[in-house]
Participant: 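For reference, the structure I am asking about is given below.
We name chains A, B, ... by the order of the sequence lines, and we start the count at 1 in each one.
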2 protein chains.
Amino acid sequence: MLSNASKYAIRTVLFLAKNSSPKKKIGARHIADSLEVPQQFIAKILQKLVKANIISSAKGPGGGFYTNTKNLKGNLLDVLSVIEKNDIFSECFLGLPVCGDENPCPVHDIVSVFKEALLERFQNKSIKTIADEMERDGTLITLKNII
Amino acid sequence: MLSNASKYAIRTVLFLAKNSSPKKKIGARHIADSLEVPQQFIAKILQKLVKANIISSAKGPGGGFYTNTKNLKGNLLDVLSVIEKNDIFSECFLGLPVCGDENPCPVHDIVSVFKEALLERFQNKSIKTIADEMERDGTLITLKNII
DNA sequence: GTAATAAAAGACCAATTAATCTTTTATTAA
DNA sequence: TTAATAAAAGATTAATTGGTCTTTTATTAC
């Protein structure tokens, strides 16, 4: 459903939301180590996220990646749309071109409930809200809690 | 989440369950046309399904693919396990290696409800049952209802 | 047996995704 | 102004998935 790139992107954004700030920037290497993902690959993803204004960055010594208050108001649906080319919320689980409420596939009922719940979370909750709820609910994007 | 190969495989098996029998075999070309998928590709998938005893086949004139009563007792989980290399029911939606009830990711709650519902349908219902429910519920695996 | 039919098998090619390597640019601090 | 640092950019390679082509084998009907 999601490419590795999208999975890494979502985890990265939440990692920065939880651990960074304009005063606490984090380097690509550190992010890669913390999330246990390939460093060079995550660097490319970080570039895209910066270009799309989803996260922020600074070059040079003391530089790195971080989220500012504006970034934190974004949502995870935007993260997906930057990385993923197809909209996962519109494609049929069994690949039916016509699948929808009028022409449902044999798992349309189950899948659409799931998609609605996920879309609600990805669209209507800010990155900040999700990061806060991670604290509250004890959910994780890595076990390696560095910093 | 599912590869094209798996999507085609599931649709093919259900197509045969609905339209074929030991007395009514269907050729690869006809299946490809009906489901609107690449013929040569589906031929490869059909081979695997036959080898795994999920569907049946006969060579020569009047030959083709079909499901017999034994085939119809199988389930869609077996179809997946023949085609897909990773178990979609065990991997984390966000790619967390440790994700589970003890170490949930931020969407684990939503995703596990979905997976349970899907697994129940794929594991506990026979192919025959799903095909029957398709009639009852009016769900589809193609709009092109040939035959 | 021969011709036609259709699946099986194996090799092959194309496209996408994943990942890496190298060079450039911007920033900082000495 | 130089050295160090770290992101940006671009090119390249590797792996996986998707798809096609060609040959072989089995079956049927004549």
Side-chain angles (χ1 to χ4, degrees), chain A residues 1-12 16 20 22-33 35-68 71 80 82-86 88 91 95, chain B residues 1-12 16 20 22-33 35-68 71 80 82-86 88 91 95:
Chain A
M1 204 148 205
L2 293 189
S3 62
N4 280 359
S6 292
K7 293 176 182 176
Y8 297 167
I10 290 178
R11 292 172 64 206
T12 297
L16 291 176
S20 79
K23 290 183 174 169
K24 197 160 107 198
K25 308 187 177 77
I26 306 180
R29 184 175 312 167
H30 188 132
I31 296 172
D33 287 351
L35 300 181
E36 297 177 274
V37 300
Q39 197 222 297
Q40 306 264 45
F41 192 36
I42 204 71
K44 280 291 163 198
I45 294 167
L46 285 160
Q47 280 180 29
K48 285 192 191 178
L49 294 172
V50 169
K51 210 177 248 178
N53 293 310
I54 289 171
I55 62 174
S56 306
S57 71
K59 287 182 175 182
F65 299 90
Y66 62 98
T67 43
N68 58 30
N71 296 145
L80 281 190
V82 167
I83 307 293
E84 204 82 11
K85 78 173 67 171
N86 337 320
I88 65 159
E91 53 194 16
Chain B
M1 203 148 202
L2 293 188
S3 62
N4 280 0
S6 292
K7 293 176 182 174
Y8 296 167
I10 290 178
R11 292 172 65 205
T12 296
L16 291 176
S20 80
K23 290 183 175 170
K24 196 161 108 199
K25 308 187 179 75
I26 306 180
R29 185 175 312 166
H30 188 132
I31 297 172
D33 287 350
L35 300 181
E36 298 177 275
V37 301
Q39 197 220 298
Q40 305 265 44
F41 193 35
I42 205 71
K44 281 291 162 197
I45 293 168
L46 285 161
Q47 279 181 30
K48 285 191 190 177
L49 294 173
V50 169
K51 209 177 248 176
N53 293 311
I54 289 171
I55 62 175
S56 305
S57 71
K59 286 184 177 182
F65 299 91
Y66 62 97
T67 43
N68 58 29
N71 295 146
L80 281 190
V82 168
I83 308 291
E84 205 82 11
K85 79 173 66 168
N86 335 323
I88 65 158
E91 53 194 17

Participant: Expressed as a whole number of angstroms, how long is the span from A:Asn86:CG to C:dT17:C1'?
Facilitator: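 Taking CG of A:Asn86 and C1' of C:dT17, I get 12 Å after rounding.
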Participant: In whole angstroms, how far is the P atom of C:dA6 from the CD1 atom of B:Ile55?
Facilitator: 16 Å
Participant: Whole-Å distance between D:dA9 P and A:Leu49 CG?
Facilitator: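 Taking atom P of D:dA9 as the reference, CG of A:Leu49 is at 13 Å.
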Participant: Got a donor-acceptor contact below 3.5 angstrom from the A:Ser20 side chain to the A:Lys25 backbone?
Facilitator: no
Participant: Can you tell me if B:Asn4 touches the phosphate of D:dT17, counting only side-chain N or O atoms and a distance under 4.0 Å to OP1 or OP2?
Facilitator: no
Participant: Starting at NE2 of B:His30 and ending at P of C:dA7, how long is that distance when rounded to a whole Å?
Facilitator: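 Computing the B:His30:NE2 to C:dA7:P distance gives 12 Å.
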Participant: Atom CD in B:Gln47, atom CZ in B:Phe65: separation rounded to 0.5 Å?
Facilitator: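 CZ of B:Phe65 is found 7.0 Å from CD of B:Gln47.
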Participant: Applying a 4.0 Å non-hydrogen cut-off, can you work out what A:Lys85 is touching in the nucleic acid: base, sugar-phosphate, or nothing?
Facilitator: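 Sugar-phosphate contact only.
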Participant: Would you kindly give the OH-to-P distance between B:Tyr66 and C:dA6, to the nearest whole Å?
Facilitator: 16 Å
Participant: Backbone N or O of B:Glu91 within a donor-acceptor pair of the B:Asn86 side chain at under 3.5 Å?
Facilitator: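 It does not hold such a pair.
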Participant: Take atom CD1 of B:Ile83 and atom P of D:dG18, then tell me their distance rounded to the nearest Å.
Facilitator: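 Atom-to-atom, B:Ile83 to D:dG18, this comes out as 11 Å.
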Participant: Can you work out whether A:Leu2 or B:Gly27 has the more 5'-proximal nearest nucleotide on DNA chain C?
Facilitator: B:Gly27
Participant: Rounded to the nearest 0.5 Å, how far does CG of B:Asn68 lie from CG of B:Asn53?
Facilitator: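 So the CG of B:Asn53 and the CG of B:Asn68 are separated by 9.0 Å.
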Participant: Is there a residue in residues 35-48 of chain B whose heavy atoms reach under 4.0 Å of DNA chain C, and which residues are they?
Facilitator: B:Lys44, B:Gln47
Participant: Looking at C:dA7, C:dA9, D:dA8, which one has an atom nearest to any side-chain atom of B:Ala28?
Facilitator: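 Of C:dA7, C:dA9, D:dA8, C:dA7 is nearest to the side chain of B:Ala28.
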Participant: Is the side chain of B:Ser57 donor-acceptor paired with the backbone N or O of B:Val50 at a distance under 3.5 Å, no angle test?
Facilitator: no
Participant: Calculate, to the nearest 0.5 Å, the distance between atoms CG and OG1 belonging to A:Leu49 and A:Thr67 respectively.
Facilitator: 11.5 Å
Participant: Tell me whether B:Arg29 contacts the main-chain N or O of B:Gln39 through its side chain, where contact means a donor paired with an acceptor under 3.5 Å.
Facilitator: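 No, the answer is negative, given that no donor and acceptor are paired below the 3.5 Å cut-off.
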Participant: Give, for atom CG of A:Leu16 and atom OH of A:Tyr66, the distance between the pair rounded to the nearest 0.5 Å.
Facilitator: 11.0 Å
Participant: So B:Lys7, base contact, sugar-phosphate only, or nothing? Heavy-atom distance under 4.0 Å.
Facilitator: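 Since no nucleic acid heavy atom lies under 4.0 Å of B:Lys7, the category is nothing.
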Participant: Look at A:Ser57 and D:dA6 and indicate whether a side-chain polar atom (N or O) is within less than 4.0 Å of OP1 or OP2.
Facilitator: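 For A:Ser57, the contact criterion (side-chain N or O under 4.0 Å from OP1 or OP2 of D:dA6) is not met.
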Participant: Between A:Ser6 (side chain) and A:Leu2 (backbone), is there a donor-acceptor pair under 3.5 Å?
Facilitator: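 Such a contact is absent between A:Ser6 side chain and A:Leu2 backbone.
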Participant: Each nucleotide N or O in nucleotides 25-30 of chain C that has a protein N or O under 3.5 Å away: list the pair and distance.
Facilitator:
residue	atom	partner	partner atom	Å
C:dT25	O2	A:Lys59	NZ	3.4
C:dA26	O4'	A:Lys59	NZ	3.3

Participant: Using atom CZ of B:Phe65 as one end and atom P of C:dA6 as the other, report the distance to the nearest whole Å.
Facilitator: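 B:Phe65 atom CZ is separated from C:dA6 atom P by 11 Å.
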Participant: Is A:Tyr8 close enough to C:dA19 that one of its side-chain N or O atoms is under 4.0 Å from OP1 or OP2 there?
Facilitator: yes
Participant: How many angstroms lie between atom CG of A:Leu80 and atom CD1 of A:Ile54, to the nearest 0.5 angstrom?
Facilitator: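 So the gap between those two atoms works out to 9.0 Å.
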Participant: Whole Å only: how far is the NZ atom of A:Lys51 from the P atom of D:dA8?
Facilitator: 9 Å
